[in-house]
Number of protein chains: 4
Amino acid sequence: MAGRKPEKPLSKSENTRNALLEAALRVLSEKGLAGTRVSMIVKESGYSQGTFYVYFENKEAILYEIVSPVLDKLYEVAMGFWEKGELYESVRHAIRSYLVVYSENADVMRILVEGAASKDKALERLYMDTRRRFQQRIHRYLTAASKNGQTEDIDLEVAAFALGSMVDSFAYWFYVMQPKHKRSMDIDQVSTTLTDLWCNSVYKREALRDG
Amino acid sequence: MAGRKPEKPLSKSENTRNALLEAALRVLSEKGLAGTRVSMIVKESGYSQGTFYVYFENKEAILYEIVSPVLDKLYEVAMGFWEKGELYESVRHAIRSYLVVYSENADVMRILVEGAASKDKALERLYMDTRRRFQQRIHRYLTAASKNGQTEDIDLEVAAFALGSMVDSFAYWFYVMQPKHKRSMDIDQVSTTLTDLWCNSVYKREALRDG
Amino acid sequence: MAGRKPEKPLSKSENTRNALLEAALRVLSEKGLAGTRVSMIVKESGYSQGTFYVYFENKEAILYEIVSPVLDKLYEVAMGFWEKGELYESVRHAIRSYLVVYSENADVMRILVEGAASKDKALERLYMDTRRRFQQRIHRYLTAASKNGQTEDIDLEVAAFALGSMVDSFAYWFYVMQPKHKRSMDIDQVSTTLTDLWCNSVYKREALRDG
Amino acid sequence: MAGRKPEKPLSKSENTRNALLEAALRVLSEKGLAGTRVSMIVKESGYSQGTFYVYFENKEAILYEIVSPVLDKLYEVAMGFWEKGELYESVRHAIRSYLVVYSENADVMRILVEGAASKDKALERLYMDTRRRFQQRIHRYLTAASKNGQTEDIDLEVAAFALGSMVDSFAYWFYVMQPKHKRSMDIDQVSTTLTDLWCNSVYKREALRDG
DNA sequence: CATGAATGAGATTTCATTCAT
DNA sequence: AATGAATGAAATCTCATTCAT
């Protein structure tokens, strides 16, 4: 009774749709955006070429549907807890959650980066919007702290973006570019260091001590 | 007597080669990697289709030649001054130089990001290698400071990468994704904030005060 | 009850495939291997350029499919009767059959010769293998006769190859190189002479008289 | 003084021409006719692309110049001795000489076969003409023998072509198709067998015994 | 719903040949 | 005599998309 939706059985058409989405993700993960062909997706899905166009208008459409929910999840999970708890802990929680979701969707994030850089309008916008949402949220939070005299005297708008960038870019390097077997550091260790950097950089030492 | 080499006139073939490289950069900047066709490059250059293949084996070859020197320049310029001066100033100089070169080559950096994300082996490696070079250099620098008791007690390896990422990712957002007319902040202002964040995050407050 | 399979109607795709094969043969016959373009084949077939690549990986693939069955037929027809009948007659039957099938497939044989000479690995091997199969079969046959003391005292291995070559090369000249209107001799006449040469060259005169 | 031409030193232009011819032969031997590019020839020769067209009108021209003299030599050497000596010996001498020259020019012969089969007009004609010259010569010789009652009662025109074909085709297989290391038989052995076949096939046994 | 055959525009690449120097 | 830069027509192959069944 824990808020779980009762599992409605999926209709035949929903099944096919999902199968195509999953197949697309698998192919995109392996081949990258530029290397993915519709023919690969349908082959992977087991359905036929024509079926693809029953469910998606074109190649870009399926892309958007794959990337979009991951970004929403990322935002929701990382920003949900924020503001409720104590200073250091709420930062740490946000960072750690971000890394967890990122690691689970590293392939999608790679695709997003590729697409946004390639001037694909839809993905470029998705990417920008998400980063701005993060920035604004962080900025709002820092401003609040600054009103309590807890922050150092720096440009909080730039800081908000820079710190968000730091975590995001670290995640990209750590989970996307780095081959799995080379990751010597574990997520808790990393989260702690990132949180230390974040907090040291903007908060006064006293503010941290007091929480 | 200023040490400048007397400018040897370029041979005909060197001229053509350069013209193609420049045309390629223009097209890549406008269309992105995935959107660039050899036909566009030759049209832009004024040469014929066949001429392209006299000078470059294929599309990837010209790509590498465009991206590679920019990365070298970026490293050289940003890391050159490092270690010589006073703590805060040397960080600031590095960051500012990085941003300057980045802004002058924003288009190329976008291409690099797209290419590395797209699993193009050559560019992926170029990207990784460069980031690692930066990380190692920063790490070495932080370690030196830590031996003088100047750093906070954090994981310097992660810090090195995270701080490098912060600057790089900020630059990407600021110069690549952001349309020019929306950039309200100027480079000095931004450099200062980034330097503040950087220094606050790793160095002890005393160390900063003393230089 | 005549053992004929009821003719299953060919599927759409089988039809297209066959149409391409037939068109390819026509073009290859007229233009030769080096002079044949995929564009010519599809034009001749009435299908579009893209359709070709739905059915065949590339030019070489369709080539192999055209040549290979002809060689099998040639071997089967020429060697099928062999050994059953009387000496002279079985040789004559084999030679005549060879010439008949050769004349019906002269164009294909020309292509095979061109392809094998051009160092196309697949065709070179096909050519070699077929010639060796013939040689071995003839050699076996001559050896059997030699055990009955019916052959002259010569190197039967060389003889086997040389006699096979004689018939094959004659057929090539007669049906491939010679323009049709210049062929004054008819197939029976020619078969008889070739059989005479063959038999005289290896068999003892007595053996021939006795059969 | 044995008829050797006094070696006039070659002019510069003759040198270049020869260098190109030799380079062309090397490339053609390795790559086959269809696989040879003008660019390969000039690279092999060390001269430049433009130089090729100073000496040869086009690609076909150099081809003809390479093949033509070999055919002349083949005819001259094989047919020169003919008719002078005793029956068996003159046949054997002709066959052996043919094989010797063939083996020395196997690469060229392969090119000729490829070119003739490919419907290259010039080479097709060269090939046909040469084979006809051989046939006519052999035919004339057989007819002479037949007037002395030395031949079996068979169609001498067909025989002439068939026997010529036999030797030629054997040589092709032996020196062109067969990789060198697989040739177990030596030229004397082979010549003898071919001569035996030839003589047995057309001459009366008595004629052979008497010479 | 699903199919799979067919398409054709367009991308990459090749290469014999020309020509000004 | 020799060069080598430039060409451009043409060949191969790709692939997102359509559509009749």
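Since we're looking at a predicted model, the values are computed, not measured. Below, read A as the first sequence line, B as the second, and so on, with proteins coming before strands; counting in each chain starts at 1.
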Nucleotide nearest Ser39(C) (side chain, heavy atoms from C-beta), chosen from dT7(F), dA6(E), dA11(F)
dA11(F)
Need to verify one output field. Residue with the more 5' nearest nucleotide on DNA chain F, Lys12(B) or Val38(C)?
Lys12(B)
Lys43(D) NZ to dC15(E) C1': how many Å, rounded?
14 Å
Residues in side-chain hydrogen bond (donor to acceptor under 3.5 Å, both in side chains) contact with Thr51(A), at least two apart in sequence or another chain
Ser48(A)
End axis versus end axis in the helix from dA2(E)-dT21(F) to dT21(E)-dA2(F), the angle rounded to 10°, five pairs used at each terminus
10°
Separation of Glu30(B) CD from Leu25(B) CG (nearest 0.5 Å)
11.5 Å
List, one per line, each side-chain donor-acceptor pair under 3.5 Å for residues 106-114 of chain C, sequence neighbours excluded.
unit_1: Asp107(C); atom_1: OD2; unit_2: Ser29(C); atom_2: OG; d: 3.1
unit_1: Arg110(C); atom_1: NH1; unit_2: Ala116(D); atom_2: O; d: 3.3
unit_1: Arg110(C); atom_1: NH1; unit_2: Ala117(D); atom_2: O; d: 3.0
unit_1: Arg110(C); atom_1: NH2; unit_2: Glu124(D); atom_2: OE2; d: 3.3
unit_1: Glu114(C); atom_1: OE1; unit_2: Leu33(C); atom_2: N; d: 2.8
unit_1: Glu114(C); atom_1: OE2; unit_2: Ala34(C); atom_2: N; d: 2.9

Examine dA2(F): is either OP1 or OP2 under 4.0 Å from a nitrogen or oxygen in the side chain of Thr16(D)? Give yes or no.
yes
Thr51(D) has a side chain; which of dT7(E), dT3(F), dA11(E) sits nearest to it?
dT3(F)
Ile41(D) has an atom CD1; how far is it from atom P of dT14(E), in whole Å?
18 Å
With respect to the phosphate group of dT12(E), does any side-chain polar atom (N or O) of Lys59(B) fall under 4.0 Å of OP1 or OP2?
yes
Please state how far atom CG in Leu63(D) lies from atom P in dA16(E), giving the value in whole angstrom units.
12 Å
Please confirm whether the backbone N or O of Asn18(D) pairs with a side-chain atom of Asn15(D), one donor and one acceptor, at under 3.5 Å?
no
Sorted by chain and residue number, the side chain to side chain contact (heavy atoms under 4.5 Å, CB included) partners of Ala19(B) (sequence neighbours excluded) come out as Tyr47(B)
Please report, rounded to the nearest Å, how far the P atom of dT17(F) is from the CD1 atom of Ile62(A).
12 Å
Just to verify, what does Tyr127(B) make a side-chain hydrogen bond (donor to acceptor under 3.5 Å, both in side chains) with, not counting sequence neighbours?
Arg131(B)
Which residue lies more 5' along DNA chain E, comparing Phe52(C) with Glu60(B) via nearest heavy atoms:
Phe52(C)
Check every strand shown and say whether Ser48(C) touches a base, only sugar-phosphate, or nothing at a heavy-atom separation below 4.0 Å.
base
Show me the pairs that pass salt bridge (charged side-chain N to carboxylate O under 4.0 Å, His left out) and involve residues 52-63 of chain A, at least two apart or across chains.
none
Walking DNA chain F from its 5' end, the first of Thr36(C) and Arg37(A) to be reached, judged by nearest nucleotide, is Thr36(C)
Atom pairs, protein N/O to nucleotides 18-21 of chain F N/O, distance under 3.5 Å:
none

Quick one: label Tyr55(B) by what it contacts on the DNA or RNA (base, sugar-phosphate, nothing), any heavy atom closer than 4.0 Å.
sugar-phosphate
May I ask you to say what Ser13(C) touches in the nucleic acid, namely base, sugar-phosphate or nothing, with a heavy-atom cut-off under 4.0 Å?
sugar-phosphate
Name the atoms and distances for all side-chain donor-acceptor pairs under 3.5 Å in residues 62-71 of chain A, with sequence neighbours left out.
unit_1: Glu65(A); atom_1: OE1; unit_2: Arg17(A); atom_2: NH1; d: 2.9
unit_1: Glu65(A); atom_1: OE2; unit_2: Arg17(A); atom_2: NH2; d: 2.9

Rounded to whole angstroms, how far apart are CD on Glu14(B) and C1' on dA5(F)?
13 Å
Could you go step by step and tell me if Val38(C) and Tyr53(C) meet the side chain to side chain contact (heavy atoms under 4.5 Å, CB included) rule?
CA-CA 10 Å; Val38(C) 172; Tyr53(C) 291 93; 3.6 Å; yes
Reading DNA chain E from 5' onward, which residue's closest nucleotide shows up sooner: Val54(C) or Val54(A)?
Val54(A)
When rounded to whole Å, the CZ to P distance for the pair Phe56(A) and dT17(F) reads 13 Å
Distance, rounded to the nearest Å, where Leu20(D) contributes CG and dA1(F) contributes P:
13 Å
Just grab all the salt bridge (charged side-chain N to carboxylate O under 4.0 Å, His left out) pairs involving residues 41-51 of chain D, residues at least two apart or on different chains.
Arg26(D)-Glu44(D)
